[in-house]
Amino acid sequence: MGFNRGNLFSNAGMICKYLFIALFLCGNVNVYGQDAAITNSNQYLTLEDCIDYAFKHQPALNQSLLNVSIAKTTNAIALSGWLPQVNASGSLTHYFELPTVFEPNVANPGGPPIQVHTGIYNTATPQVNATQTIFNPGLIYAAKSAPLYVKEAKQATDSAKISVVSSVSKSFLSLLLTLEQIEVLKADTAELRRSVTDAYHQYVGGIVDETDYEEATITLNNTMTQLKQAIENVAPQYAVLKQTMGYPPERQFNVSYDTAEMIRDINIDTAEELQYEKRIELQQLYTAKKLQQQLINYYRFSFLPNIYGFYNYTYEFENNNFSNLFSNGFPYSSIGLSLSIPIFTGFARLENIHKAKLQEQQLDWSEVNLKSEIYTQYTTALANYKSNLYSFHIMQDNVNMAKRVYYVVGLQYKQGVVPYLNVITAQANLITSETGYVNALFQTLSSKIDFEKAMGDIPY
């Protein structure tokens, strides 16, 4: 190789300066990586641990669980009308002037009637009223709809659990991807640092050209930039994982995982047929349709009468002297049945039936649209999984070949067979293959989650 030895001592200071800066930056990157990737916590959580924690602490999921209790309480309120309803009331009345009545004039039958004041100046009337519903269309509707409302709330909780499993898993994998990239780039940076040092000494010794050293430095700088970006991404990805788990932001934990186990579990049965009924969204829609049918039946039979029994008990106190008002009481009571029938309501019942049936048709079209969406999600997830799995196997082969090429080129360079640029190219290909392999692995695992969700197979 051609080399200008006259520039050796003039460029040596600049080269040492560049080398010192490169080594200093590499040292800083290792410190940043340690600060970001290690959380100063002895707690290690696997993916299963993160999901279990999210099931207990994730705010949206806990809100959904409360909705089940709210649905049950709402049903209890709606059905309370079947129980006896007891009310107490009372009144206290004082007349300044008693009411006037006209009585026939007995002394003078043909004369005008006689004005007579009637009643008592002071009355107190406590009363107890009890009613018992015997038949009521609204209460019958509430009784038939009650289990459906509870089922609807439980299905919403199941949907929330599926979302939690999916979001926590994908956040966990995204974090692992970055951590694995950091480990790969750290190893590559250490190897490139040695290459830069070797190239520098060979350059100073006149063995290689200046461009070889510069090419090595450029590759090192590019890898260091990727490493720095990956390290800076750790903190926000931890924050996203904590948010999806409902984990306190101020607390820290480390993630524990087995890459070999993940690779063993990467394959799934793509020949399994799509079963729409396994999707929680469709199950929720079926429940909504059943509730709508109950509403139609309610309007259809709302012409039936309301029947209830009643019992009234009154204890009336009367006295013209207020101080002696409660000295004498006169009780009376009654029992009976009450019935009311809606004869004409301005066609409101018929219009409500028509409206409810139109809403049922909307749900039918929602089912058609939902099945189309599910099929689209299924085909998209399946295509992504297959392509990512193919890329994973290709990148796996590329890593093995890139390692072998880098080893052979290194031997050839030491024997003077190939220029140093071939070594740089082999190193760059190895780095690209390793990072591509890590990306393909976690992209495949992520697309596997999407496929299981589309199939309705996510366990919860």
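Bear in mind that the values here come from a model prediction, so they are computed numbers and not experimental data.
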Nearest-0.5 Å distance, OG of residue S89 to CG of residue N87
8.0 Å

Would the number of heavy atoms belonging to other residues, nucleotides or ligands and lying under 6.0 Å from OH of Y375 be above 12?
no

Regarding Q155 and T287, do their side chains bring together a donor and an acceptor under 3.5 Å, going by distance alone?
yes

Can a donor-acceptor pair be found, under 3.5 Å and without considering hydrogens, that links the side chain of Q226 to the backbone of L185?
no

With no hydrogens and no angle check, is any side-chain donor or acceptor of T244 less than 3.5 Å from a backbone partner on V240?
yes

Do D49 and T46 have side-chain atoms, one donor and one acceptor, less than 3.5 Å apart?
yes

What is the distance from atom CG of L173 to atom OG1 of T178, rounded to the nearest 0.5 Å?
11.0 Å

What pairs meet the side chain to side chain donor-acceptor pair (under 3.5 Å) rule with one or both residues in residues 432-450, with sequence neighbours excluded?
K170-D450, Q181-N439, N388-S447

Provide the closest heavy-atom pair for L61 versus A54 in the form atom of the first, atom of the second, distance.
CD2-O, 4.0 Å

Between the CD atom in Q132 and the CG atom in L337, the distance rounded to the nearest 0.5 Å is 11.0 Å

Which pairs with one or both residues in residues 417-427 pass salt bridge (charged side-chain N to carboxylate O under 4.0 Å, His left out), sequence neighbours excluded?
none

Reported NZ-to-CD1 distance for the pair K228 and I231, which is rounded to 0.5 angstrom:
7.0 Å

Could you work out, with side chain to side chain donor-acceptor pair (under 3.5 Å) as the rule, every residue matching Y406, not counting sequence neighbours?
E191, Q427

With heavy-atom distances below 4.5 Å as the criterion, would you say the side chains of E277 and Y286 are in contact?
yes

Under 3.5 Å, side chain of K242 to main-chain N/O of P249, donor-acceptor pair present?
yes

Applied to residues 53-64, the side chain to side chain donor-acceptor pair (under 3.5 Å) test, sequence neighbours excluded, yields S64-T157

Atom CG in D188, atom CZ in R193: separation rounded to 0.5 Å?
12.0 Å

Do any pairs count as a salt bridge (charged side-chain N to carboxylate O under 4.0 Å, His left out) and have a residue in residues 362-390, sequence neighbours left out, and if so which ones?
K289-D364, K289-E367, E367-K371

Residue pairs passing the side chain to side chain donor-acceptor pair (under 3.5 Å) test where at least one lies in residues 267-276, sequence neighbours excluded:
E272-K278

Is it the case that atom CZ in F303 sees more than 12 heavy atoms from other parts of the structure closer than 6.0 Å?
yes

Kindly indicate whether the side chain of L441, heavy atoms from C-beta on, has any atom under 4.5 Å from the side chain of I266.
yes

So V405 and N429, side-chain contact (heavy atoms from CB on, under 4.5 Å) or not? Walk me through it.
CA-CA 9 Å; V405 169; N429 289 336; over 6 Å; no

Examine distances only and state if a side-chain atom of D457 and a backbone atom of E452 form a donor-acceptor pair shorter than 3.5 Å.
no

Tell me, with the steps shown, if Y299 and L350 meet side-chain contact (heavy atoms from CB on, under 4.5 Å).
CA-CA 8 Å; Y299 288 129; L350 296 178; over 6 Å; no

Counting heavy atoms not belonging to F344, are there more than 12 under 6.0 Å from its CZ?
yes

Could you list the residues that satisfy side chain to side chain contact (heavy atoms under 4.5 Å, CB included) with E261, not counting sequence neighbours?
D258, R264, D265

Correct closest heavy-atom pair for V418 and V409 would be CG2-O, 3.9 Å

For Q243, does the CD atom have more than 12 heavy-atom neighbours from other residues, nucleotides or ligands under 6.0 Å away?
no

Residues F55 and V165: closest non-hydrogen pair is CZ-CG2, 3.6 Å

Is it the case that the side chains of Q294 and S145 hold a donor-acceptor pair, with the cut-off being a distance below 3.5 Å and no angle test?
no

Can you tell me which residue pairs pass the side chain to side chain donor-acceptor pair (under 3.5 Å) test with a partner in residues 300-315, sequence neighbours excluded?
Q127-T314, N129-N312, N136-N306, N297-R300, Y308-S338

With a 4.5 Å limit on heavy-atom distance, are the side chains of I394 and S391 in contact?
no

For a quick test of reading the model, state the closest non-hydrogen atom pair linking I449 to S166 and the distance between them.
CG2-OG, 3.9 Å

To the nearest 0.5 Å, how far apart are OG in S169 and CD1 in I51?
4.0 Å

With a 4.5 Å cut-off on side-chain heavy atoms, are S195 and L220 touching?
no

Nearest non-hydrogen partners of V423 and Y413, listed with the distance:
CG2-CB, 3.5 Å

Return the set of residues passing side chain to side chain contact (heavy atoms under 4.5 Å, CB included) with F135 (not counting sequence neighbours), or none when no residue passes.
P137, I140, L304, I307

Is the backbone of G410 close enough, under 3.5 Å, to the side chain of Q415 for a donor and an acceptor to pair up by distance?
no

Specify the closest pair of heavy atoms between C50 and L45, including all atoms of both residues, with the distance to one decimal.
SG-CB, 3.9 Å

Taking W365's backbone N and O only, do any of them form a donor-acceptor pair with N369's side chain (distance below 3.5 Å, no angle check)?
no

Using a 3.5 Å distance criterion without hydrogens, assess whether the side chain of Y385 forms a donor-acceptor pair with backbone atoms of I268.
yes

Taking the side chain as C-beta and beyond, is there a heavy-atom pair between L139 and L79 under 4.5 Å?
no

Contact check, side chains of L241 and F253, non-hydrogen atoms, under 4.5 Å
yes

Would a distance-only check, ignoring hydrogens and angles, find a side-chain to backbone donor-acceptor pair under 3.5 Å from R279 to M455?
no

Pairs of donor and acceptor atoms involving the side chains of residues 352-363, under 3.5 Å and at least two apart or interchain, shall be tabulated with distances.
unit_1: N352; atom_1: ND2; unit_2: A348; atom_2: O; d: 3.1
unit_1: Q359; atom_1: OE1; unit_2: Q292; atom_2: NE2; d: 3.1

Could you check whether any side-chain heavy atom of V204 comes within less than 4.5 Å of a side-chain heavy atom of H201, counting everything from C-beta outward?
no

Close side-chain approach of R251 and Q43, heavy atoms under 4.5 Å:
yes

Under 3.5 Å donor-acceptor, T133 side chain and W82 backbone
no

Residues forming a side chain to side chain donor-acceptor pair (under 3.5 Å) with E180, sequence neighbours excluded
Y257

Under the ring pair (Phe, Tyr, Trp, His ring centres under 6.0 Å) rule, collect the residues that match up with Y141, sequence neighbours excluded.
Y298

For residues Q284 and K151, is any side-chain donor paired with an opposing acceptor at under 3.5 Å?
no

